[in-house]
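Chain letters run A, B, ... following the sequence lines, proteins first and then strands; every chain starts at 1.
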Amino acid sequence: MLDLKYIRENIDAIRQMLKHRKTEADLDRLIELDSQWRDNLTHTQTLQAHQNEVSQQIAERKKAKEDATETIAEMRKLSQEIKERTAEATELRVEIDSILLMIPNMPEETTPVGTSEDDNTEIKTWGDKPSYDFELKPHWEIAEQLDIVDFQRGAKVAGSNFVVFKGLGARLERALIQFMLDLHTTEHGYTEISPPFLANRPTMTGTGQIPKMESDMYRCDRDEENPETDLFLIPTAEVPVTNLFADEILPVDELPIYYTAYTPCFRREAGAYGKDTRGLQRIHQFDKVEMVKFTTPEASYSEHESLLENAESVLQALGLPYRVVQHCTVELSFAAAKCYDIEVWAPAGEKFLEVSSCSNFEDFQARRANIRYRPEAGSKPEFIHTLNASGTALPRVVIALLETYQNPDGTVRVPAVLQPYMGGLKQIG
RNA sequence: GGUGGGAUGGCUGAGUGGACGAAAGCGGCGGUCUUGAAAACCGUUGUGGCGCAAGUCACCGUGGGUUCGAAUCCUACUCCCACCGCCA
C-alpha cells in the first residue's frame with residue numbers, strides 16, 4: 001500500500017503510474033474523501049479537546065461537592081455530536097482504505113514503460129540451448145511413458161489441471177525440494193522455514209493478494225460473521241513467510257533476514273482457462289521453494305541483485321539454460337516495484353518458461369503488514385523493505401529437465417547434483 | 001467438542017469510573033564513578049493520526065454499548081494457556 005500522504009502530494013505521478021500499469025483506481029474519489037476526512041478529523045478533535053477539558057472540571061467540582069448537573073446536561077449534547085462525527089470519520093476512513101488497498105505499487109525508475117510482455121527487457125541469458133539429432137518429445141509424453149506423472153487420475157480425484165506424481169516422478173519432486181533447500185541454506189545463508197499452508201485474511205492482505213486478486217485464491221472455512229478468520233490456501237510461501245513479522249518492530253542489527261521455505265502453492269488460475277493447459281505448465285497445485293528477504297531501504301536493491309543470483313544458481317547447478325527478463329510496467333505484479341523473471345528453456349516446446357519471479361516490493365508490503373525496523377536505538381521505527389524470489393517453482397523445472405535431458409529411447413538422464421537426492425540414480429527409465 | 005483461566009508498554013507485572021499514556025521492576029539508551037569493565041548512583045526510554053507550527057487527538061486483544069467521563073462496567077468476537085474427550 002502506498003502512503004496516503006505520498007499520494008496526496010504526488011497525485012500526477014500516481015495517475016501516470018496507473019496509466020502505465022493499465023490499471024484503474026478512483027483517485028478523484030480518494031482525494032475528495034481524504035479532504036473530507038481531514039476536515040472532519042480536525043473539527044472533531046477540537047470538540048474532543050473541549051470535552052476532555054470540561055470533564056476535568058466536572059471531576060473537580062464533584063470532588064469539591066459542588067453541583068454540576070447543568071454542565072453535565074450540556075456535555076451530553078456535545079458527547080452525542082462527537083459520537084456522530086467520529087462515526088462519519090470512521091466511515092470515510094473505511095472507504096479511503098478500500099481504495100488505497102486497490103492501488104498498486106509505484107514501479108522503480110529502471111522499470112521500462114510497456115504495454116505487453118514484448119516490452120520486457122532481456123537482461124541476460126545463461127547457457128547454450130542444446131541441439132539434438134533426434135526428434136524431441138514434449139514433457140507430458142515423456143512423463144506418461146515413464147509413468148511418473150498421472151494426469152488422468154489427478155483430474156479424477158481433484159479436477160482438471162491437478163496432477164499426480166508417481167514413483168520416480170514423486171521422488172524427483174522430493175529430490176528437487178531438498179536440493180534447493182540445501183543449496184539456499186548451506187550456500188546462501190538462508191534459514192529454513194516450514195510455515196502453515198493456510199493463511200487468514202489479514203495475512204493475505206499483508207502481501208497484497210487480497211482484496212484485488214481474491215478470486216484467484218482458494219478459500220475455505222468461510223464465516224460470514226467473522227470474515228477476518230477466513231482461511232485461504234496459500235498461493236506462495238511468500239504469504240505466510242513475509243507476514244511472520246507483521247506488526248513487529250525489528251532491531252536493525254538483525255537485518256537483513258533471509259528465509260527460505262518449501263510449500264505447495266495453490267492457485268485457481270481464474271481467467272486462465274485454455275491457456276497453457278497441456279502438461280505441467282499451469283496446474284492448480286504445485287511445489288515451490290521460495291526465498292524471502294527483509295532488509296533496510298538502503299540495502300534493498302543490492303539485496304535484490306544477490307537474490308536474483310541465488311535463484312539463478314539453482315538452474316546453473318541443474319545445467320538448464322535460461323534467460324532473465326525485467327518486467328515492464330504492465331507486466332509488473334500489483335505489489336512489486338521491480339521484478340526480474342527467470343525463464344528456463346524448454347527445448348521440445350521451444351519456449352522459455354517462467355520459473356522464478358524475483359521482486360523488490362520496497363515498503364509496499366511492509367506498510368500493509370506493518371513490518372518495521374528501528375534504524376538505531378531510540379529512533380523512530382521505519383518500514384522495512386521486503387523482497388522475494390522463487391528458488392524455484394518445480395513443475396516447470398521438471399518440464400525443462402525432462403525435455404532437456406531426454407534420450408532417443410524416452411529415458412531421461414538425471415543431472416549430477418540431483419543424483420545424491422535420487423539414491424544415486426543416473427537415469428529415469 | 002466440553003470446562004475453567006487469561007490478554008495492560010521491548011519483557012515481567014500493578015491498576016477503587018475522574019489522579020492513568022498508565023505504578024513498580026527488568027531490559028535499552030545517555031551520564032557520573034573506574035586504567036577498563038562490573039556494581040552503585042543520576043537521567044532518559046511506547047506507537048500512530050491531523051497540523052507550517054504551537055499544539056491536539058487516539059491507542060491497555062478486536063468490535064459494539066453504558067456514562068459528562070472507561071484500561072476499569074456491560075456485550076459479542078478473536079487469540080492464548082490449562083484440564084477432559086477425540087485424534088496423526
- request: Considering only NZ, NE, NH1 and NH2 on the basic side and carboxylate oxygens on the acidic side, decide whether A:D216 and A:R267 come within less than 4.0 Å.
  value: no
field: Pairwise C1' distance for B:G15 and B:G65, with rounding to whole Å
entry: 23 Å
message: Rounded to whole Å, please give me the gap between CZ in A:R201 and C1' in B:U78.
response: 15 Å
- line: To the nearest angstrom, the NE2-C1' distance between A:H50 and B:U56 comes to 15 Å
query: Among the nucleotides B:U67, B:G48, B:G51, which one has an atom lying closest to any side-chain atom of A:R38?
result: B:G51
- request: Determine: side-chain N/O of A:R8 to OP1/OP2 of B:C50, distance under 4.0 Å, yes or no.
  value: yes
Residue-phosphate contact under 4.0 Å: A:R85 side-chain N/O, B:C57 OP1/OP2: no
query: In terms of heavy-atom contacts, does CD of A:E254 have more than 12 from other residues, nucleotides or ligands at under 6.0 Å?
result: yes
- line: Which of B:G49, B:C68, B:A58 is nearest the side chain of A:S55? It is B:C68
- request: Check every atom of B:C50, B:C57, B:G48 against the side chain of A:T42 and return the nucleotide holding the closest atom.
  value: B:C50
- request: Could you tell me whether the phosphate oxygens of B:G69, OP1 or OP2, come under 4.0 Å of any side-chain nitrogen or oxygen in A:Q51?
  value: yes
message: Ring-plane angle category for A:H188 and A:Y190, please: parallel below 30°, perpendicular beyond 60°, tilted otherwise.
response: perpendicular
message: Measure CG/A:L100 against C1'/B:G49 and give the value in whole Å, please.
response: 14 Å
statement: A:K380 has its side chain closest, among B:G49, B:U47, B:C68, to B:U47
P atoms of B:G2 and B:C57, separation to the nearest Å: 45 Å
query: Nearest to the side chain of A:K5 - B:C50, B:C57, B:G18?
result: B:C50
query: So does A:D67 pair up with A:R61, basic N to acidic O under 4.0 Å?
result: no
- prompt: With under 30° as parallel and over 60° as perpendicular, where do the rings of A:Y218 and A:F162 fit, or are they tilted in between?
  reply: tilted
- prompt: OP1, OP2 of B:U67 versus side-chain N and O of A:K83: anything below 4.0 Å?
  reply: no
- prompt: When you check the gap from the basic side-chain N to the acidic O, do A:E95 and A:R29 get nearer than 4.0 Å?
  reply: yes
message: Tell me if a side-chain donor or acceptor on A:R278 pairs with a main-chain N or O of A:P138 at a distance below 3.5 Å.
response: no
- prompt: Rounded to the Å, how far apart are A:E254 CD and B:G10 C1'?
  reply: 12 Å
message: Without decimals, in angstroms, what is the distance between A:N52 CG and B:G17 P?
response: 20 Å
message: For the C1' atoms, the ones on B:U44 and on B:U35, what distance do you get once it is rounded to whole angstrom?
response: 28 Å
message: Run the salt bridge (charged side-chain N to carboxylate O under 4.0 Å, His left out) test on A:E81 and A:R85 for me, step by step, so that the C-alpha distance in whole Å, both residues' side-chain angles and the decisive distance to 0.1 Å come before the verdict.
response: CA-CA 6 Å; A:E81 191 185 347; A:R85 285 186 164 275; 3.6 Å; yes
message: Any donor-acceptor pair, under 3.5 Å, between the side chain of A:Q56 and the base of B:G69, if you only look at N and O atoms?
response: no
- prompt: In whole angstrom, what separates A:E53's CD from B:A19's C1'?
  reply: 17 Å
- prompt: What integer number of Å spans the C1' atoms of B:U47 and B:G10?
  reply: 13 Å
query: Taking only side-chain nitrogens and oxygens of A:R372, does any of them come within less than 4.0 Å of OP1 or OP2 of B:G48?
result: yes
message: What is the separation between atom CD on A:E382 and atom C1' on B:U47, rounded to the nearest whole Å?
response: 14 Å
field: Distance, rounded to the nearest Å, where A:N200 contributes CG and B:C77 contributes P
entry: 19 Å
query: Which of residues 70-81 of chain A sit near RNA chain B, with a heavy atom under 4.0 Å from it?
result: A:I72, A:M75, A:R76, A:S79
